[in-house]
Protein chains: 4
Amino acid sequence: MSLLITDATVLDGVSDRAQERTSIWIEGQRIRAVGGREQIPAPSSAQIVDACGKYVIPGLMDANVHLFGDIRMEHLVRHEGRYEAVIAESAQIALKNGVTTVFDTWGPRAALIRVRDDINAGKQRGSRIFCAGNIVGLDGPLSADFIPKTLEVASAGLVRRINSMFAENVGPDLSWMTPEQVGTEVRAYLARGIDFIKYASSEHRGAEPNAFLLFSPLVQRHIIEEAHRAGTTAQAHTTSVEGLRVAVEAGSDIIQHCNLTGPVPIPASTLAMLTQKKVGGVVFPLTQRRLEILEKRFDAIGRRYWSTVNINCRALIESDALLLLGTDGAIQASEPCSKNTADVAAEDDLMQLGEGHFNWLKAMEELGCPPLRMLRAATRNIAVAYGKGADLGSIAVGKVADLVILDANPLEGARNYRRIHKVIKEGRVVDTASLPETPVFKHSAVA
Amino acid sequence: MSLLITDATVLDGVSDRAQERTSIWIEGQRIRAVGGREQIPAPSSAQIVDACGKYVIPGLMDANVHLFGDIRMEHLVRHEGRYEAVIAESAQIALKNGVTTVFDTWGPRAALIRVRDDINAGKQRGSRIFCAGNIVGLDGPLSADFIPKTLEVASAGLVRRINSMFAENVGPDLSWMTPEQVGTEVRAYLARGIDFIKYASSEHRGAEPNAFLLFSPLVQRHIIEEAHRAGTTAQAHTTSVEGLRVAVEAGSDIIQHCNLTGPVPIPASTLAMLTQKKVGGVVFPLTQRRLEILEKRFDAIGRRYWSTVNINCRALIESDALLLLGTDGAIQASEPCSKNTADVAAEDDLMQLGEGHFNWLKAMEELGCPPLRMLRAATRNIAVAYGKGADLGSIAVGKVADLVILDANPLEGARNYRRIHKVIKEGRVVDTASLPETPVFKHSAVA
Amino acid sequence: MSLLITDATVLDGVSDRAQERTSIWIEGQRIRAVGGREQIPAPSSAQIVDACGKYVIPGLMDANVHLFGDIRMEHLVRHEGRYEAVIAESAQIALKNGVTTVFDTWGPRAALIRVRDDINAGKQRGSRIFCAGNIVGLDGPLSADFIPKTLEVASAGLVRRINSMFAENVGPDLSWMTPEQVGTEVRAYLARGIDFIKYASSEHRGAEPNAFLLFSPLVQRHIIEEAHRAGTTAQAHTTSVEGLRVAVEAGSDIIQHCNLTGPVPIPASTLAMLTQKKVGGVVFPLTQRRLEILEKRFDAIGRRYWSTVNINCRALIESDALLLLGTDGAIQASEPCSKNTADVAAEDDLMQLGEGHFNWLKAMEELGCPPLRMLRAATRNIAVAYGKGADLGSIAVGKVADLVILDANPLEGARNYRRIHKVIKEGRVVDTASLPETPVFKHSAVA
Amino acid sequence: MSLLITDATVLDGVSDRAQERTSIWIEGQRIRAVGGREQIPAPSSAQIVDACGKYVIPGLMDANVHLFGDIRMEHLVRHEGRYEAVIAESAQIALKNGVTTVFDTWGPRAALIRVRDDINAGKQRGSRIFCAGNIVGLDGPLSADFIPKTLEVASAGLVRRINSMFAENVGPDLSWMTPEQVGTEVRAYLARGIDFIKYASSEHRGAEPNAFLLFSPLVQRHIIEEAHRAGTTAQAHTTSVEGLRVAVEAGSDIIQHCNLTGPVPIPASTLAMLTQKKVGGVVFPLTQRRLEILEKRFDAIGRRYWSTVNINCRALIESDALLLLGTDGAIQASEPCSKNTADVAAEDDLMQLGEGHFNWLKAMEELGCPPLRMLRAATRNIAVAYGKGADLGSIAVGKVADLVILDANPLEGARNYRRIHKVIKEGRVVDTASLPETPVFKHSAVA
C-alpha cells in the first residue's frame, strides 16, 4: 500500500527549519521518500493526501502514561479479568489525539503486553505501546505505596490477587534485599516480555514530610546493568534532589519527572551531570493557571513544593538537557472521586490522557521553551532516550511512517497542536472519529 | 400433575403426634388428601414417591435471610447490575437444603422482587421469596450503618448508586422526620411491591457502648399502621431491652432476634407481653461450641453480651412465646475477609445460608427446646407470624405442597434434619443435585 | 454590710416597664428595698454607688455552660488532678462579663462541686454555679460520644480514669438497661450532690446521617421522676423533632437547644405542647453573619440543618414559649485546634464563654425577639425554669442582690449589654478588673 | 577522698584473665593503683571496701538508651516543661542497676543536656549521660516517624511545640536537601552541645513492607564528616542490609542495632567490612523465650524478620566484630498501653531500662557469646567506639573509677551480673537503695 502526502510544510523533528511544499511518500509502514513533489516518483496506485497549507510533524509520543491508570478499588474490581479492554480504550484515546506511541511506565504487565502485541499484530487499534510493567520496588495499588486505605476494606484475597498482577516478583520485598538479589529478580522480570525497566529511586508517597530513597546507588547500578545487559533502557522514578542525583549518577537512561524535587530546586551540579550524560529528562510542567489552582489548595509547604516544580522547569529549559514530554496520563472514570478526596479542578491537568500532552505543550510554551525544542521533546527526544530513534520520532526516509498533519503551524503557538487534520500510524490514515471503539471504562458506571 | 407420597411418617407441623403409614396426594401445587393409603383414591397417572420408613415434614422456612448478603464493597462492585444472579444462587442453595420459603429481611428491593417474581412464575428455580427491601430508617451498605470504612475508599458516585438501591425513600432521613412524615414515606415504599415491612427499633451498630433507638414509639406505631393498612405485617429490628419492649408495645408482628438484648436479659414483663400478644419472636441461639468460640474472642463486656443471648433463649423456650427460626443467612464469597477483620471460625455459624438452619436446630436442641416446638418454629410459626398460614407451613389438605422427606426422625435428634431424602416444592420433586445452577457468587473470584 | 445604688433606671426582669430614678438598698446578700431615694431610709454606713444615668438589670444567667469545656485530650491530661483551677477560671470569666449565675450542664462532677462549694462559701470568687455532672446516658470525653479518635491514642488507663470522672454510674451502660434499672442509677447519682439532672433524649453525635434516641419515653419518665422526687429539675439534650417531642411529653423541665432539630423544623403541635407545659426552652440562635460562615462550610444537607436552627428560633419567638439564654460556653485554650479539625471562625460564636451571651442577645435581636423578652430569657426565665425563682433572676425585695449596672439602655440595643459599669454579686461590687485571678488555662501552653 | 577496694577478683575489661586477690586504690574520681594489697601503699584515711570473694568489673555501659522514652502523647503532655525530672529518674534507675554510663540516642536535646550537666556537676545523681539529641533526619514523636495517629488528636500547637523540642533544625526537612545543605544543618546542631551525632540511614517505620533509606551515601558522608570535624563520633540507625552496608561504607563509627535487617541476613561482605573497619556494632539479641513470644504474635513475614535478628547475632558473634551492648531502654509509665496497641509480654524485654541490660547478657549467653566478649561489649567496647576509652570502660590506673562489685563471677553465668554488691561511680559508693529519688514518672498516674 502506498500513501502520498503532498505539498505540506514538514517539521521533521530533527532539522532546525521547516521544509515547505514537501511531499512524503510512504510504502507499507515506512517512509520511502521526502522531498519536493517533482523529486518523488508518483506511485501508481497511492492514496493521496493533499496537505497544501498543512503542517506535518512526527507522530507525537508520550514518555509516561498509565493505560490502566484509575486504580481506585472499585475500578480494579469492576474490570478485574478485563483490564485489556481498559488498556485498549486508553491506547485508542491517545491515538485519536495524535499520540502514535506511548510508554506505559506502571501497570499490570500481562494485560499490557497482550494489548501491545495485539496492536502490533494489527488485531487491535491504538497507539503503539511500550511498557515497563511494575515500578521495580513498589507494591501494587492496594498498598501503602498507592492507596493505603483500601487495605482496611478489601479482602485479603483481593489484595493478593490485584497486587500480584502489578508487583509480580519485583515488589517491595526488593527493598530488603542485597544488590545481587535484586539483580537476579530484575533479570527474571525482564524475561517476562517488558520493553524497559522502571525502578523507584525515591519512594512513591508524595504527601509525607520525609523524602525516602528506595534503593541505594549500588542497587540502582545493579538494576540498570540488568536492563542494559538485556538490551533495553532503565529509568528512575525520582522525587527529591538526592533521589535524582543518585539515579543520574547510577546511569539511569531516563528520569521520570526530574523536575519534581520537593521544596529544594535541582542543584546546578546535578543539572550539569544530567545534561552531560544526555539523560532523558521527563518534565511535568505547570501552566500558570494550574499553579494557581494548586497553590490555592495547599499550605506554605505545599506551595513551596509546587513552585519548585516550575523553577526546575525553567532551569531545565535554560540548560541543554534532553527534555521529554510525559504526562502520567490515564483515563479517569466519569464518576467523581471519593467524597473524602478533594478534587483538584481538571483545568490544564497533565494527567488526563488525550488532553494532557496539549497541556504539557501549553505549559512549556508559557515557561519559555523554544517551539522546536518542544516539538523534539514530544517526538524525537523520546524515541532517542528510549533507544527507538532508528525507527521512530522523526520524518526521514526509512523511518516508520507515524505522522500528524496539523491545520496550523505548531511553531507559531502550542495551541496549534490541537488542530489535528489527520493522524497517520504505520502508513495508514487513522479513522479517529471511530475511536475509542468500545469505551468500557468511560461509561462503565451503571446508569 | 399428580404426586403421591406413600407410607410415610408425617409430622404435619400442627398436631402433637406423628401420623404413621400415611400417604399424601398432591394435585398441581396443593395437597389434595392426607391419610392411610386405603383412604386415598389412587390417581391414575401420579408420580409415586415411596416414603416407607421416611419422615415427611412441611418445607422448612427461614424467617430471616439476606439473599444478597455479602456486602463487602468488592462484592457490591463486582456484581453491580447483576445482583439477581447472586439472589437466585442464594435461593437455590436454600432450597437445596430443604428451605422452601425464605423471608429476606434486608436487601436491594428491585433485584429481590425480580427474582421473587421469576421464581413464582416458574422462570427460575429457588426457594419461595418474600422480601422487605430496606430496613426502614437504615442506610445502604456503604454507610455508617453498615461498613463505614468504605466511605473513605468508594467514590461518591458508587456510594450514591449502591446505597440508593437499598435505602430508596426509607433511609436514614426518616429518623429526622415527624411521625406523619415517616408514615407517608412508608406508604410510598409499600407501593413498590414489597411483601412486608421491617423497620429499625434499635439501631444497627452492634459494637458500640451505647444502645440507641432509631424510632420513637409513636413513629413505630405509624409505621406499623401503614403496614397493616396495606394488609401486610411489620417487624422490628431490636438489639436492647428497650428496643424490644417499645417494638412489642407498638404492635410489631415479628421481632427480629428478640434474644439479642446486649448485656441485660429480657425482663419478665416484656417476655409476658411478647407472649400474650403472640408476637413472632425470631431467635438466634448459640450452640455451646459457638458460644465458646465467641467468648474467647471478646472482652468481659462482649462475653456478657454473648452469654445473655442464650439466657434469653432459655427464657423464651420456657415461656409460651411464638418462636421462629431465623438465621441472618447469606452466601459468603469464598475469599477470606479483610486482613484487618479477624474471622470468627465458621463452626456452628447461623449465618451460612444452607447450613445455618441446621445449626439453629442444633443450638435450640442443646438449649432444651422440645422437638415439636422446634419443628413448628421452623415451619408453621413462621407462616402464621407472617400471615401466610392459610397456604404455607403445615401439611394439610388444601395447603401448598412444600415438603421435605427425611431419612430419619427429626424428633429424635435435630441432626436428622440434615438427612434430606427429597425436597418437594409446590408439588414437584426438586432436583437438588443440580442446584445452584450458575453459582456466580461462590466462584466469582478470578482464579 | 450595706450597699446603696442610687437613682438608676431599673429593669427588674419582671415588670413590663423600666422604673426610673430608682434606688436599691442591699443589706448583706439580699435586697432590702427598691424605690425612690426618699422612700429608702438612708443606711448609716452604706457604700453608695451613684447610678444616675445608668441601667440596673438582674445579674445575667447562662442556662448552659461547660466550665471545664475544652475536652481535647491534651487538656484533659495537662490539667488532670487540677480541673478545679480551670473551672474556677471559667467561673471568673463569666462573672467578669456580667453572668452572675451559670448552669453547668456537662462536666466532671466532683471538681465542679468543689468549686461550686468554695464559691458559695466565699473561699473562691466566680459566678454562682449549679451543676449536673454527667449527661445521663453519655460516656466521658474519650469515647464515641465525644472524641472517638482519642481512643486510638490514649492508654487504657487514661481512658478509664478520665471517662469515669465524667460518666460515673450514669454512663452509656444505662442505654442497655430497663427503666427501673436506670431509675436506680439516677437516684444514686442524685445523692452525689448535683443540682439538677440532665439526660440525653437524642444522642450526641451531630455529624451523623441518622438521628438516634438514647432513651425511650418510659425511661425518660423514670429519670424525670427521680429528679422530681429529689426536689430538683430534669432537662433533656435533644437534637431532632422526635427527641424533642418525646422529652417534652415525658415531662422534662428544660430542653437544651430545643431549636436544634436537624433538617426538620419543630412541628406546631410540639411547639404548642412545649409552650403549654411551660417548659424552659434553651435556644442557640445564630446571627446572620454566623449563619453565613457556617453555610459556607457545609454541603446542602449541612446548610439545611443550619438554616433550620433559625427557622425554629423565629417560630419560638412568635410563640409564647419560655425562652432561656444558653451558650454551651467554655473557655478554649489559646492554641489552635488540631490540624485536621478545621476551625470555624470565632466571629459571633456562642460557645466562647464570657462572650457568647452577648452574641446570643445580638442574634435574638436580629431574629426579632422583643427586648424585654430577651432580658427575661437571660435572667428571670432561667431562674424560674431551674426552680430558683424565689432567690434569683429578678430585682425585688428579698431576692439575692445579683445585679449588673450598664452604661446604656439594653432595651435600646442588645449591644448595650456589653457596656458593663459594675457587676454586683450577693450584694458586693465585683472587682472585675482582677478576674480571672490565676488564668491557668488560657496560658497553660508552655511558651 | 580515698577509697580502697581490697582483695577482689578483678575483671578489668581488657585482659583475658581475672586478677585475683587484687586491690584497687581510688583517689578522687580516678584509680590510683591496682594490684596486690602489699603493692598498694595504704592511704591514711581511705574508706575501705572489703571485696574478698567478690568480683570487680568496670561500671556497665549502655550504648543505646532513651532516658525520656515513653513518648505516648499523654506522657509528652503530662510532663511538658518537666522532662528533666523524667530523665533524671531514668538515669538513676540505670545507675542503681550497675550502668554507670548511658548513651542517649534519641530524645529532647535541651532537657537531656541540662540533666547531663547537673549530674556531671554533682548537682544531681544518676548515670553519666552522653546524648545525641535528635536522630538527624527524623521528626519528633507526634509524626509519621513515630506515632502518626497522634496527629489526628493533638492540636497543631502541641505538635509544633513537642516536635520542635526533638527535631530542632535536623528534622525531616533534611531528607529533601542537598548534601551540602545537610552538612550545614548538622554543623549548627553540633554547636548546640550534643556529645555525638546519630542519623537515620534507614527510616524508622518498622512495620512497613518497604525498607527505605533516609539519606544517600553521599549525604551520610557529609554528616559523618561534620561529626568528625567537631571531634566526635557519628552513628547510624539502620534496619536493612543496604541501610547497614551504606552506613558502614560511609564511615559510621557505630551502627545501631546492626542485627536488625528485616528478613534478609547480613551478607558476608558487609560483615567483613564492619569488622575490618572496627565499627561498633550495637546488637539487640533475643532470648529463646523472647523469640517465642514474638513469633507467636506475628505472621510468616514477621516471624522471618524476628528469626533473622538472631541469625545475625550468631554471625556477629562468630565474626570479630566489635560488639556493643545496647537496649533501647526506657522507663515506661505503669499504665497499660492503648487498648488498640496489643502489648507484648515484658518477659526478657531489652527495652525496660534497668532490666534490659541483664536480658541482653542472658540472650547473648544463650546465643553462644564467650563471657569475656560479653563483658567487653558491656564496658570497654562501648567506651572505645564512642571515643571515651581513655577515661572509661576499663579498670586501670588513671581511669575514672566507675566500678561494679558483684557477689558472683559474671564469667560463670550471665545471671551473676544481677548480683550487684556495690556500684561505684567516680570513686564513690552509690547509695543505690535511695534511687530513684523522686520517681515522677513511674507514679505519675493520678490514682
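In what follows, chains are A, B, ... by sequence order, proteins preceding strands, each numbered from 1.
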Novice: Of all of D:Pro263, D:Gly137, D:Ala144, which one pairs up most often with chain A through heavy atoms under 4.5 Å apart?
Specialist: D:Pro263
Novice: Identify which of D:Gly171, D:Ser143, D:Pro179 forms the greatest number of heavy-atom pairs closer than 4.5 Å to chain A.
Specialist: D:Pro179
Novice: Under a 4.5 Å cutoff for heavy-atom pairs, which residue among A:Asp173, A:Leu174, A:Leu218 has the most contacts with chain D?
Specialist: A:Leu218
Novice: What are the two closest heavy atoms between D:Ser175 and A:Pro209, and how far apart are they?
Specialist: OG-O, 4.2 Å
Novice: What part of D:Thr261 gets closer than 4.5 Å to chain A, counting heavy atoms only: side chain, backbone, both or neither?
Specialist: backbone
Novice: Begin with the C-alpha distance, continue with both residues' side-chain angles, and end with the deciding distance and a verdict on side chain to side chain donor-acceptor pair (under 3.5 Å) for A:Asn210 and D:Asp145.
Specialist: CA-CA 9 Å; A:Asn210 318 64; D:Asp145 286 334; 3.1 Å; yes
Novice: Taking everything shown except A:Lys277 itself, do over 12 heavy atoms lie less than 6.0 Å from its NZ?
Specialist: yes
Novice: Give me the contact list for residues 237-250 of chain D versus chain A, heavy atoms only, anything under 4.5 Å, ordered by residue number.
Specialist: D:Thr239, D:Ser240, D:Val241, D:Glu242, D:Arg245, D:Val246
Novice: Over all heavy atoms of both residues, which pair between D:Val264 and A:Met177 is shortest? Give the atoms and the distance, please.
Specialist: CG2-CA, 4.2 Å
Novice: Please state whether the rings of A:Phe212 and D:Phe212 are parallel, tilted or perpendicular, taking 30° and 60° as the class boundaries.
Specialist: parallel
Novice: Heavy-atom distance under 4.5 Å to chain A: side chain of D:Glu180, backbone, both or neither?
Specialist: neither
Novice: Out of A:Ser269, A:Pro267, A:Ala211, return the one with the most heavy atom pairs under 4.5 angstrom to chain D.
Specialist: A:Ala211
Novice: When only pairs under 4.5 Å are counted, which of D:Ser216, D:Ala200, D:Gly262 shares the most heavy-atom pairs with chain A?
Specialist: D:Ser216
